[in-house]
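Input: a single structure, listed below in structure tokens.
Each ligand, and each atom within it, is numbered from 1 in the order the structure gives.
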Amino acid sequence: MLTPSPVRLRAFRALARAYSVPAAAAHSKQHIVNIVEVGPRDGLQNEKGAVIPVETKVELVERLVRAGVSNVEAGSFVSPKWVPQMGGTADVLKRLTKERGVHYSVLVPNQRGLDDLLLLLAQQQLTDLGSPPLTDEISVFVAATDAFNKANLNCTVPESLQKIAAVTEAATKHGLRVRGYVSVVIACPYSGRTDYHKVREVASALLNMGCYEVSLGDTVGMGRPHEVAEMLDVVKRSVPVEQLAGHFHDTYGTAIANVLTALEHGVRTIDASVGGLGGCPYSPGATGNVSTEDVLYALQGSQYHVAGRNGGTINLEEMVDIGWWISEKLGRESASRVGRALRAKARKTTTTSLAPAINCVLTGTVLTPHSSCMLFFSLPLLPSSPSPSPAPRRTMKETYTFDPRPNYPLRLTATRYSDTANPHLHNPDALTLIFAHGTGFHKEQWEPTIAELERRVGDGVKIREYWSVEAPNHGDSAALNEDVLKLGYTPVCEWRPSWMGRVCTKPAPLLIRPRDRHSHRLFAAQARRHRTLHGRRIPVRPVLTAGYFPTLKFHSLICVELMCSSEAFGTTAKSFLINGAEKRRDTWSSREEAYNVMKTRGTWKEWDDRVLRNYIEYGLKPTGDGSTVTLKCARTQEAACYRDPIGPRRAYHLFPSFVKSTRTHLIYGAIDDYLPAAVKDDILRRVGGESSLGSYARVPGAGHLVVQMNPTGLAEKFLDALARDSKLQVD
Ligand SMILES: CC(C)(COP(=O)([O-])OP(=O)([O-])OC[C@H]1O[C@@H](n2cnc3c(N)ncnc32)[C@H](O)[C@@H]1OP(=O)([O-])[O-])[C@@H](O)C(=O)NCCC(=O)NCCSC(=O)C[C@@](C)(O)CC(=O)[O-]
């Protein structure tokens with residue numbers, strides 16, 4: 001199961017630190033272990049699907065180096081036809097910010113690969129005179145069996161050795177150091193058990209050619225510790241152990257045991273891969289390398305000290321974080337056992353749900369701090385599309401809890417919708433849409449609109465992912481905060497605006513990972529007023545700019561049925577809403593009953609059926625004994641929001657200056673129900689008319705509850721607005 005974890009949780013870091021064992025004051029030389037981080041090459045080379053963007057690879061390498069790694073394989077100069085994921089290695093090398101004392105090596109299979117690399121180095125020396133070379137190391141590789149070598153390199157072992165000799169000689173002449181690999185040292189997927197004498201022969205040949213070190217690869221990951229020991233005993237007879245490294249894959253779960261065996265036999269360099277990334281494209285079934293996190297953890301407090309950059313060590317917690325980050329980019333969990341264990345402990349997860357369909361989770365699920373649930377669902381969510389729908393995409397839905405305690409008592413939840421098949425998922429030019437729901441609703445209210453957006457979005461608009469945030473007294477957030485909310489509202493707790501700012505500010509660095517922040521083009525959509533706790537309404541500007549995301553720059557803002565008005569309006573509407581909220585029916589015998597009642601009554605009967613079903617699923621929860629269902633956002637909470645005396649007025653006065661500073665689109669329902677036409681006209685006049693806005697639109701067939709009544713029409717207006725923005729950029 002995929003567990004989302006894009007955030008650096010403080011608790012997690014503390015936990016990882018607690019598991020860290022301080023390095024001994026001094027380490028005798030023979031106990032120092034070097035790690036060669038092969039994740040960006042051996043790890044990524046085997047990834048199926050879309051080619052990983054250069055910027056992701058660059059970020060991966062740079063983060064690894066910041067975590068203390070001093071030897072990293074940054075890519076390979078192989079044919080992109082054979083190994084597509086390694087295309088772009090030249091760009092990776094060019095874009096990396098190089099750190100002193102770090103070897104950024106690249107794998108080179110043949111003369112052609114070396115020629116390409118040397119040309120790149122020569123070009124760089126011409127343009128960046130005096131700057132350090134893009135790399136000072138290559139690795140060459142050959143197998144211990146002909147069968148594997150033919151699959152991997154299209155030639156026999158002797159032929160390979162002949163080619164490598166020429167490559168090594170040329171590379172050395174150009175000042176590059178050369179590392180050698182021998183693959184399939186224990187077993188070969190094509191010819192079975194490997195002859196260890198052959199391993200010794202090939203390793204010796206590589207050293208004789210000028211390789212400074214030879215890494216012995218259990219490429220298939222079938223090796224057992226006693227086999228590793230036997231193999232090393234044979235190889236060590238003619239190869240100095242100081243020049244050997246161990247390279248273990250974890251297919252059968254023996255990688256760590258094999259690492260320890262190799263260390264016992266005097267090997268002091270271990271290849272490992274962050275997050276356990278990897279496999280070999282020519283070794284069917286082989287899984288990733290031993291994870292760097294697992295190696296670091298296994299050696300902590302032992303006689304071995306892992307050497308890191310600048311005489312330091314490699315930071316375990318950073319590596320766990322990177323392992324999760326890159327795994328998530330690849331649409332899966334970190335494969336590192338230590339990574340998973342530390343993350344799970346930090347999250348203290350008690351409930352995690354995975355379901356094949358959108359309507360299956362969260363209902364009645366009480367999220368605990370840092371717990372999250374995630375599911376896949378297919379968009380479009382429900383059929384009934386008049387237009388032909390594209391093939392449903394696999395979309396991930398991840399729900400996060402942000403916990404600002406003890407600084408602020410209320411927790412907040414947010415859901416991310418992303419699609420691993422979306423070509424724009426990592427495109428920094430594409431938009432990240434952030435939604436805020438209206439009073440009395442919940443974060444999932446946007447799902448039908450998002451489904452329509454996904455269905456309709458064309459070439460002109462690039463959307464990266466969607467987030468929907470939830471107010472602390474609504475939806476799942478309300479369940480989390482139930483005890484605090486029971487303290488009462490206005491008379492008991494005086495929720496100062498600065499507190500609001502804090503609760504909204506807190507998620508900002510978490511919601512979008514700090515590194516990603518600059519690469520997301522944020523786009524916010526706000527339905528009606530978005531008010532939080534106890535009668536304090538947050539006006540548009542603080543919510544979506546200074547409040548929720550103080551350090552984030554928004555591309556633009558769409559306000560849907562913006563509920564702000566001058567003092568001249570609103571008193572009657574206000575008491576209507578308060579009375580309605582306080583007296584509304586809030587308990588039903590079952591979800592079915594609730595659906596059947598609403599389907600025929602009040603404004604509910606005007607709602608799009610998808611939204612109504614969504615409301616039944618996400619807006620309601622079972623009561624304590626489970627015999628009935630009730631509202632997640634309690635009546636008192638909803639009414640308290642409407643009571644807010646300041647919010648709508650403040651928003652009214654701030655809105656014109658906000659529009660001047662941030663591109664803003666205004667969308668209203670075509671039916672003037674709760675909001676009289678005069679209020680809408682007044683807002684439009686105050687901002688200086690339609691020409692001052694990004695766009696101004698009315699959604700046909702919908703009143704104040706646009707999101708509920710016409711998600712399709714609303715999605716169309718969103719796309720119009722987004723298309724205008726894109727056009728503006730092109731112009
Ligand atoms: C080596 C070749 C290319 C020979 O493949 P080939 O077909 O024998 O070579 P070719 O000389 O006939 O060339 C075929 C095409 O590839 C191009 N080409 C040829 N060389 C290059 C190059 N360097 N860079 C870019 N393009 C290249 C060449 O230009 C030509 O293009 P075309 O004319 O058809 O358009 C091929 O076998 C190959 O690329 N294999 C990939 C091997 C590989 O990367 N394997 C994974 C890494 S090894 C590994 O993971 C194991 C290890 C190290 O981690 C340790 C362990 O776990 O055991």
Side-chain angles (χ1 to χ4, degrees), residues 36-47 72-90 105-120 137-145 147-157 159-164 166-167 170-171 178-190 194 198-199 202-203 206 211 213-223 228 231 244-251 255 258 269-273 276-290:
V36 176
E37 173 57 57
V38 294
R41 194 279 302 170
D42 205 1
L44 298 188
Q45 74 180 8
N46 205 32
E47 285 302 320
V72 56
E73 262 195 330
S76 47
F77 279 74
V78 292
S79 163
K81 274 191 209 152
W82 285 63
V83 188
Q85 288 293 5
M86 290 296 105
T89 294
S105 73
V106 285
L107 196 76
V108 166
N110 55 10
Q111 191 61 45
R112 160 75 198 273
L114 182 68
D115 291 344
D116 288 354
L117 175 65
L118 292 177
L119 183 66
L120 179 76
E137 175 170 334
I138 64 164
S139 24
V140 291
F141 55 103
V142 56
T145 68
F148 191 84
N149 214 66
K150 277 186 184 155
N152 200 15
L153 285 160
N154 206 18
C155 58
T156 62
V157 172
E159 284 164 352
S160 246
L161 287 172
Q162 212 178 357
K163 291 180 190 181
I164 290 173
V167 168
V178 184
R179 185 172 196 250
Y181 280 105
V182 185
S183 296
V184 294
V185 297
I186 305 286
C188 168
Y190 307 106
T194 301
K198 196 83 194 154
V199 178
V202 174
L206 288 172
C211 292
E213 179 175 271
V214 173
S215 174
L216 302 174
D218 175 20
T219 314
V220 196
M222 284 176 74
V228 171
M231 183 270 298
L244 291 177
H247 181 108
F248 301 103
H249 286 252
D250 204 21
T251 318
N258 291 339
T269 301
I270 300 295
D271 299 352
S273 174
L277 296 174
C280 175
Y282 302 99
S283 177
T287 58
N289 293 84
V290 66

Just to be sure I read this right, does ligand 1 sit under 4.0 Å from the backbone of Arg41, its side chain, both, or neither, counting only heavy atoms? side chain
Heteroatom distance test (Tyr181, ligand 1): nitrogen or oxygen, under 3.5 angstrom: no
Closest to atom 24 (N) of ligand 1 by heavy-atom distance, out of Asn154, Asn149, Val78, is Val78
Do Ser76 and Gln45 pair up side chain to side chain, a donor and an acceptor below 3.5 Å, judged on atom types alone? no
Identify the residue among Ile164, Leu107, Val214 that makes a side-chain contact (heavy atoms from CB on, under 4.5 Å) with Val140. Ile164
With a 4.0 Å heavy-atom cut-off (strictly under), which part of Lys81 contacts ligand 1: side chain, backbone, both or neither? side chain
Is the closest heavy atom of His249 to ligand 1 under 4.0 Å? yes
To check you understand the geometry: which heavy-atom pair defines the closest contact between Ala171 and Ile138, and what is its length? CB-CD1, 3.7 Å
Going by the order shown, which atoms of ligand 1 are within less than 4.0 Å of some heavy atom of Ser183? 51 (C), 55 (C), 56 (C), 58 (O)
Could you point out which residue of Ile186, Val182, Thr145, Val185 forms a side-chain contact (heavy atoms from CB on, under 4.5 Å) with Thr194? Thr145
Of all heavy-atom pairs linking Cys155 and Asn149, the shortest is O-ND2, 2.9 Å
For ligand 1, is any non-hydrogen atom under 4.0 Å from Leu107's backbone (N, CA, C, O), its side chain (CB onward), both, or neither? side chain
Pick one of side chain, backbone, both or neither for how Val83 approaches ligand 1, counting any non-hydrogen atom pair under 4.0 Å. side chain
Tell me every residue that passes ring-ring contact (aromatic ring centres under 6.0 Å, His included) with Tyr181, counting only those two or more places apart in sequence or in another chain. His247
Numbered atoms of ligand 1 (with element) below 4.0 Å of Asp42, judged on heavy atoms: 50 (O), 54 (O)
In terms of atom number and element, which parts of ligand 1 are under 4.0 angstrom from non-hydrogen atoms of Leu153? 1 (C), 37 (O)
Side chain of Gln85, backbone of Glu47: donor and acceptor closer than 3.5 Å? yes
With heavy atoms of Phe77 as the reference, note each atom of ligand 1 found under 4.0 Å away. 22 (C), 23 (N), 24 (N)
Under the side-chain contact (heavy atoms from CB on, under 4.5 Å) test, which residues partner Gln162, sequence neighbours left out? none
Proximity to ligand 1 by part of Asn110, non-hydrogen separation under 4.0 Å: side chain
Between Ser79 and ligand 1, which residue portion shows a heavy-atom distance shorter than 4.0 Å: side chain, backbone, both, or neither? both
Over all heavy atoms of both residues, which pair between Val220 and Thr251 is shortest? Give the atoms and the distance, please. O-OG1, 2.6 Å
Which atoms of ligand 1 are found less than 4.0 Å from any heavy atom of Gly113? 23 (N)
